[in-house]
Amino acid sequence: EAEAPSEAEAEAPTATDTSAEPESEAPRRRSWWRPAAAPVWPPDPADELSEESADQATDAAPVESEVPGESGVPVGASEAAAAPQIPAPPIAAEAGTGREPMPEWPAAESTQVLPPSWRAPRPDPAAAATPGELRPATAPVRTRLGTPESEPDAAADGEPEPSTAEQAVPWLIGVILLLAGMVIVLLALIFAGDASLGGGVVGPSPSDGSPGPSGSALAGPVTSQRPRASSTPSAAPAPSGDPTPTPAPIPEYGPLEMVYQGRSEPLAHIYLLHRDFTTEEPPEVLAQDQSLDVRQFAWAPDGTVGVAMYSDLLVSVEPGREKRPLGDEITTATFGPDATTVYAVRVTEDGDDDVATLLQIDFASGDATELASVTYARPEVGAEDPLPEAKFIDDGGPVRLFRLEDGTVRLWVLGAGAWDVDAGGGEAREVEEGALPTLWSPKGNRRVVAEEADGTTTLSLLGRSDEVLATTSVEGLVSHLRWSPKGDMVVFTVGTSASGGGVIQNLWVWYLEDGISPTQMTDTGAAFGAEWLGSPAVWRE
């Protein structure tokens with residue numbers, strides 16, 4: 001039977017730091033300590049106090065825990081500082097863990113490692129179990145991102161503490177609403193067009209002066225308009241008038257960039273070439289057929305596209321694209337004021353007569369419209385020497401087509417006459433004497449005439465009043481003279497007879513200054529009919 005604690009032991013401070021004793025009589029906790037050794041948990045039953053000793057210890061105040069020192073006597077205040085610092089066993093549990101809460105003890109000086117100000121937490125009376133009973137921790141482990149438990153932790157104010165997932169819901173809703181608002185704003189900017197950004201254009205006002213509806217990307221096709229200053233900043237944009245297409249700027253070309261006909265040898269098939277003679281790059285083949293000659297070609301005024309004739313088949317010539325047929329049984333062709341329209345002539349036989357039909361062809365679609373037809377007696381064309389014949393064919397052949405400066409299209413037929421046809425349609429009007437038109441410089445103030453004598457051609461540069469500005473001479477026959485875009489040079493073909501028969505043709509260029517001789521640009525003997533890119537021909541009476 002355990003002895004009652006001695007008077008010295010009764011006066012020693014308790015080992016457990018507790019708060020005031022609760023009103024209910026609960027069994028007091030004892031601290032289990034052993035010197036210089038690991039704590040034993042649970043305690044040895046042999047060390048338990050008897051029920052009677054416990055009752056006696058209850059009547060004594062305050063009660064000191066049995067903490068013997070190395071000498072076997074209780075540890076005093078001075079010896080407690082040198083005692084081993086061993087943490088207390090985890091008897092009490094936090095609220096909500098399912099363990100039995102610890103009863104409150106009277107305040108006393110502590111000899112443990114906890115600070116003297118430490119007090120045991122006040123348990124929730126509602127969660128207290130039967131006095132003297134310790135429950136095992138059976139509650140599931142709670143995680144912040146796991147499945148919520150059925151019994152949430154109690155907050156300080158008594159309300160359940162929300163989980164991390166529950167706390168994230170308002171943030172997620174806010175993010176979703178923010179993203180939805182940004183999408184709506186972006187869609188509004190896209191469909192509103194430039195006007196939503198303050199850069200919308202304003203068209204002319206209606207005749208009554210009332211403001212018109214503002215433009216919208218969904219209202220119809222957008223046309224190019226000029227901004228118009230307004231004295232009233234708040235005035236709404238007015239609807240535009242008839243849209244005027246903005247002409248595409250003429251591309252930049254080299255100073256000697258041309259399209260011309262050529263062949264690899266005198267009896268080979270003729271093909272179409274493109275070259276800038278200011279560079280060392282070889283010519284590019286634009287049109288070539290293994291069995292047919294490129295008999296004629298025409299190039300658009302802006303230099304972007306052209307047409308070529310494989311025998312009598314008219315095809316499109318677009319750099320980097322496949323050829324498209326534009327018409328068959330075509331004799332000659334030329335472009336209109338731009339690259340969208342091609343004029344062509346189809347000659348058919350009608351007994352002893354020929355019928356020449358002038359066609360207007362849409363370059364993009366190939367659709368043809370008949371403008372006018374003329375009937376004439378079939379002329380008899382006699383044979384020429386090879387050199388004059390080469391010159392005549394290079395100049396256009398027996399049937400030629402010109403677009404005059406005033407928009408009229410002139411048809412000229414060797415031995416039959418010439419006719420002018422309005423490009424808008426109508427009857428063909430016969431031209432007296434069947435004269436060929438004259439080619440003028442791009443500014444319309446100068447022209448070049450050629451005079452042939454004894455196999456030599458003299459070129460004369462004439463002003464508006466036919467005054468001679470410059471002259472030069474070359475050996476051979478000159479044909480197909482064309483002006484440069486700036487009007488400071490002309491390119492032409494020079495044909496000469498070969499020693500073994502046949503004709504040699506090369507391209508020459510003349511810088512239009514008196515005393516400067518023309519320069520030969522090709523030496524293959526098979527280059528002719530050059531057209532300067534970006535230089536519309538100006539034909540006049």
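As a basis for the values below, the full set of heavy atoms in this structure was taken, side chains included, without hydrogen atoms, waters or symmetry mates.
- Residues Phe277 and Pro255 have side chains not in contact (no heavy-atom distance under 4.5 Å, counting atoms from C-beta outward).
- For the side-chain hydrogen bond (donor to acceptor under 3.5 Å, both in side chains) test, residues two or more places apart in sequence or in another chain that qualify with Arg324 are Glu318.
- Using a cutoff of 4.0 Å between basic side-chain nitrogens and carboxylate oxygens, Arg429 and Asp422 are not scored as salt-bridged.
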*Are Arg447 and Thr438 close enough, and set up right, to give a side chain to side chain contact (heavy atoms under 4.5 Å, CB included), and what steps lead you there?*
CA-CA 8 Å; Arg447 61 191 179 98; Thr438 301; 4.0 Å; yes
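- There is no side-chain donor-acceptor pair under 3.5 Å between Asp395 and His480.
- The backbone N or O of Leu387 sits nowhere less than 3.5 Å from a side-chain atom of Glu389 that would complete a donor-acceptor pair.
- Separation of the Phe492 and Trp483 ring centroids does not fall under the 6.0 Å cut-off.
- Salt-bridge check for Glu452 with Lys391: passed, with a basic side-chain N closer than 4.0 Å to an acidic carboxylate O.
- Using a cut-off of 4.0 Å between Lys/Arg side-chain N and Asp/Glu carboxylate O, Arg346 and Asp328 are scored as salt-bridged.
- Glu451 and Thr458 share no side-chain donor-acceptor pair at under 3.5 Å.
- Trp532 places a side-chain heavy atom less than 4.5 Å from the side chain of Pro485.
- With hydrogens and angles ignored, the 3.5 Å screen pairs no side-chain donor or acceptor of Arg446 with any backbone N or O of Ser441.
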*After noting the C-alpha distance and the side-chain angles of Leu292 and His269, does the key distance pass the side chain to side chain contact (heavy atoms under 4.5 Å, CB included) rule?*
CA-CA 6 Å; Leu292 298 174; His269 291 292; 5.8 Å; no
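- Here the straight-line distance linking atom OH of Tyr260 with atom CG of Leu286 works out to 10.0 Å at 0.5 Å rounding.
- We find the CG-CG distance between Asp488 and Leu512 to be 7.0 Å, quoted to the nearest 0.5 Å.
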*Between Val490 and Val509, does a side chain to side chain contact (heavy atoms under 4.5 Å, CB included) hold up when you go through it step by step?*
CA-CA 6 Å; Val490 290; Val509 64; over 6 Å; no
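- No side-chain N or O of Thr408 forms a donor-acceptor pair with one of Asp420 less than 3.5 Å apart.
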*asked:* Working note: Thr332 + Gln296, criterion side-chain hydrogen bond (donor to acceptor under 3.5 Å, both in side chains); need CA distance, chi angles, decisive distance, verdict.
replied: CA-CA 7 Å; Thr332 187; Gln296 283 189 2; 3.1 Å; yes
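- For the side-chain contact (heavy atoms from CB on, under 4.5 Å) with Arg482, the qualifying choice from Met489, Met258, Glu531 is Glu531, the only one to do so.
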_Verdict with supporting geometry, Asp312 and Arg295, salt bridge (Lys or Arg N to Asp or Glu O under 4.0 Å)_ = CA-CA 8 Å; Asp312 61 355; Arg295 185 165 56 86; over 6 Å; no
_As a quick check of understanding, evaluate side chain to side chain contact (heavy atoms under 4.5 Å, CB included) for Val503 and Gln505, giving each step before the final call._
CA-CA 6 Å; Val503 176; Gln505 290 178 293; 3.8 Å; yes
*Could you walk me through whether Trp539 and Phe402 pass the ring pair (Phe, Tyr, Trp, His ring centres under 6.0 Å) test, one step at a time?*
CA-CA 7 Å; Trp539 296 98; Phe402 307 91; 4.8 Å; yes
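- Each of Asp353, Asp350, Asp354, Asp352 was evaluated against Arg378; a single residue qualifies, Asp354, per the side chain to side chain donor-acceptor pair (under 3.5 Å) test.
- Taking the side chain as every heavy atom from C-beta outward, Leu411 and Tyr343 never approach each other to under 4.5 Å.
- One finds the OG atom of Ser517 at 9.0 Å from the CH2 atom of Trp508 (value rounded to the nearest 0.5 Å).
- Ser365 and Asp362 share a side-chain donor-acceptor pair at under 3.5 Å.
- Side-chain atoms of Gln520 come within 3.5 Å of backbone atoms of Thr522 as a donor-acceptor pair (strictly under, hydrogens ignored).
- Annotation for Glu427: atom CD does not count as buried by contact number, only 12 or fewer foreign heavy atoms lying within 6.0 Å.
- Taking a 6.0 Å sphere around CD of Glu322, one finds it holds 12 or fewer heavy atoms contributed by other residues, nucleotides or ligands.
- At a threshold of 4.5 Å between non-hydrogen side-chain atoms, the residues Phe297 and Val317 do not count as touching.
- How far CG of Asp367 is from CG of Leu359: 12.0 Å, rounded to the nearest 0.5 Å.
- For the 3.5 Å distance criterion, the side chains of Thr456 and Asp454 fail to qualify, holding no donor opposite an acceptor.
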